[in-house]
Visitor: 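What follows is a single structure, and I will ask about it in a moment.
Keep in mind that this is a model prediction, so the values were computed, not measured. Remember, it's 1-based here, ligands and their atoms both numbered in the order they're listed.
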Amino acid sequence: MIDAVSEAYSRRAAEYTELFGSMGAVHPSDRQLVSTWADGVDGQVIDAGCGPGHWTNFLAERGLEARGIDLVPEFIARARSAYPGVSFEVGSLNTLDVETGTVGGVLSWYSLIHHDPSTIGIPLQEFNRVLRPGGMLLLGFFESPAIEGFAHAMAAAYRWPVSDLTEELTSAGFDVIETHTRTTTDQRPHAAIIARRASAE
Ligand SMILES: C[S@@+](CC[C@H](N)C(=O)[O-])C[C@H]1O[C@@H](n2cnc3c(N)ncnc32)[C@H](O)[C@@H]1O
């Protein structure tokens, strides 16, 4: 599955960047949500599955030490060229090359949509591992009343109920702090969850 995702985004990196790879393409309420979340992050922030890097740059412009990571070398090359002052690297969300407990925030904005539901716990546990206790995760995803696959333009993807992802996050060691949903007539329903790495007792 990872190979199919990587191959599809590699092939269409230019098209994706043109359509979605700028803050102008972002819904104003998403921009507001990420801004507010980012203002509460203390320390380094990872943009996990950064694609063309516009969110990474947005976080860096807000004064955060931001680092974008993505599977697709074409995205990382484009991000480095567009935002030369920002840090980007190729990597997998399932095995982040990041020290345990060192990160203040992880933004995973639609980057887990292609994970099979049986494997989504792997990157969630990885996010939990790299966050310091109290570190914050912001997860954006497509929402639906039941977990269901759909034919996303790039590769097979999944929509999730907020309640099921909340369970996955809890199993991975997070406390869910806030949930948001947005339904409009012209777009798939969207959702976001803010979760904090639980302190080890
Ligand atoms: C829908 S795009 C979102 C990109 C960006 N976050 C945005 O909001 O435009 C999904 C991104 O996640 C990346 N991705 C998916 N699975 C990944 C994995 N296992 N490891 C690293 N990146 C992954 C893809 O390469 C792609 O850039």
Side-chain angles (χ1 to χ4, degrees), residues 1-35 37-38 45-60 64 66-80 82-83 86-98 103 105-127 129-130 137-143 149-160 168 172 180 182 187-193:
M1 182 61 181
I2 282 191
D3 287 350
V5 170
S6 178
E7 193 275 324
Y9 279 99
S10 298
R11 196 163 28 86
R12 298 175 68 183
E15 183 189 351
Y16 185 92
T17 305
E18 176 74 25
L19 287 174
F20 305 112
S22 73
M23 292 310 294
V26 164
H27 194 283
S29 67
D30 290 343
R31 186 188 179 107
Q32 185 57 51
L33 177 65
V34 177
S35 297
W37 170 81
V45 62
I46 305 285
D47 182 6
C50 63
H54 50 297
W55 280 116
T56 326
N57 183 58
F58 178 76
L59 295 168
L64 288 162
R67 182 173 164 191
I69 299 176
D70 201 280
L71 202 55
V72 174
E74 285 79 357
F75 275 145
I76 295 303
R78 283 172 178 275
R80 284 180 178 149
Y83 312 110
V86 183
S87 168
F88 294 100
E89 67 215 67
V90 175
S92 166
L93 306 185
N94 292 345
T95 51
L96 290 169
D97 185 14
V98 178
V103 166
V106 173
L107 173 65
S108 173
W109 200 246
Y110 291 86
S111 55
L112 299 187
I113 61 172
H114 302 293
H115 266 75
D116 185 277
S118 65
T119 65
I120 203 161
I122 297 169
L124 294 180
Q125 284 168 28
E126 193 59 356
F127 297 162
R129 178 186 70 76
V130 301
L137 170 67
L138 173 49
L139 195 64
F141 56 98
F142 294 113
E143 194 247 344
F150 70 99
H152 184 270
M154 294 290 162
Y158 295 86
R159 328 181 223 257
W160 285 78
E168 294 282 351
H180 300 260
R182 186 180 76 241
Q187 287 183 321
R188 297 183 177 111
H190 291 250
I193 298 179

Visitor: Report the relative orientation of the aromatic rings in Tyr9 and His114; use parallel for angles under 30°, tilted for 30 to 60°, perpendicular for over 60°.
Guide: perpendicular
Visitor: Test the Arg159-Phe150 pair against the cation-pi criterion, namely NZ or CZ under 6.0 angstrom from the six-membered ring centroid and within 45° of the ring axis.
Guide: yes
Visitor: If you look at each N/O of ligand 1, which protein N/O atoms lie under 3.5 Å away, and at what distance?
Guide:
from     : atom 1 : to     : atom 2 : distance (Å)
ligand 1 : 6 (N)  : Gly49  : O      : 2.8
ligand 1 : 6 (N)  : Trp109 : O      : 2.9
ligand 1 : 9 (O)  : Tyr16  : OH     : 2.8
ligand 1 : 20 (N) : Leu93  : N      : 3.0
ligand 1 : 22 (N) : Leu71  : N      : 3.3
ligand 1 : 25 (O) : Asp70  : OD1    : 2.7
ligand 1 : 27 (O) : Asp70  : OD1    : 3.4
ligand 1 : 27 (O) : Asp70  : OD2    : 2.6

Visitor: Among Val45, Val86, Ile46, find the one that has a side chain to side chain contact (heavy atoms under 4.5 Å, CB included) with Leu59.
Guide: Val45
Visitor: For Ile69, which of Val90, Asp47, Val98 qualifies under side chain to side chain contact (heavy atoms under 4.5 Å, CB included)?
Guide: Val98
Visitor: Using 4.0 Å as the upper bound for N to carboxylate O, is an ion pair formed by Glu7 and Arg11?
Guide: yes
Visitor: Go through Tyr110 and His152 one step at a time and tell me if the ring pair (Phe, Tyr, Trp, His ring centres under 6.0 Å) criterion holds.
Guide: CA-CA 12 Å; Tyr110 291 86; His152 184 270; 9.0 Å; no
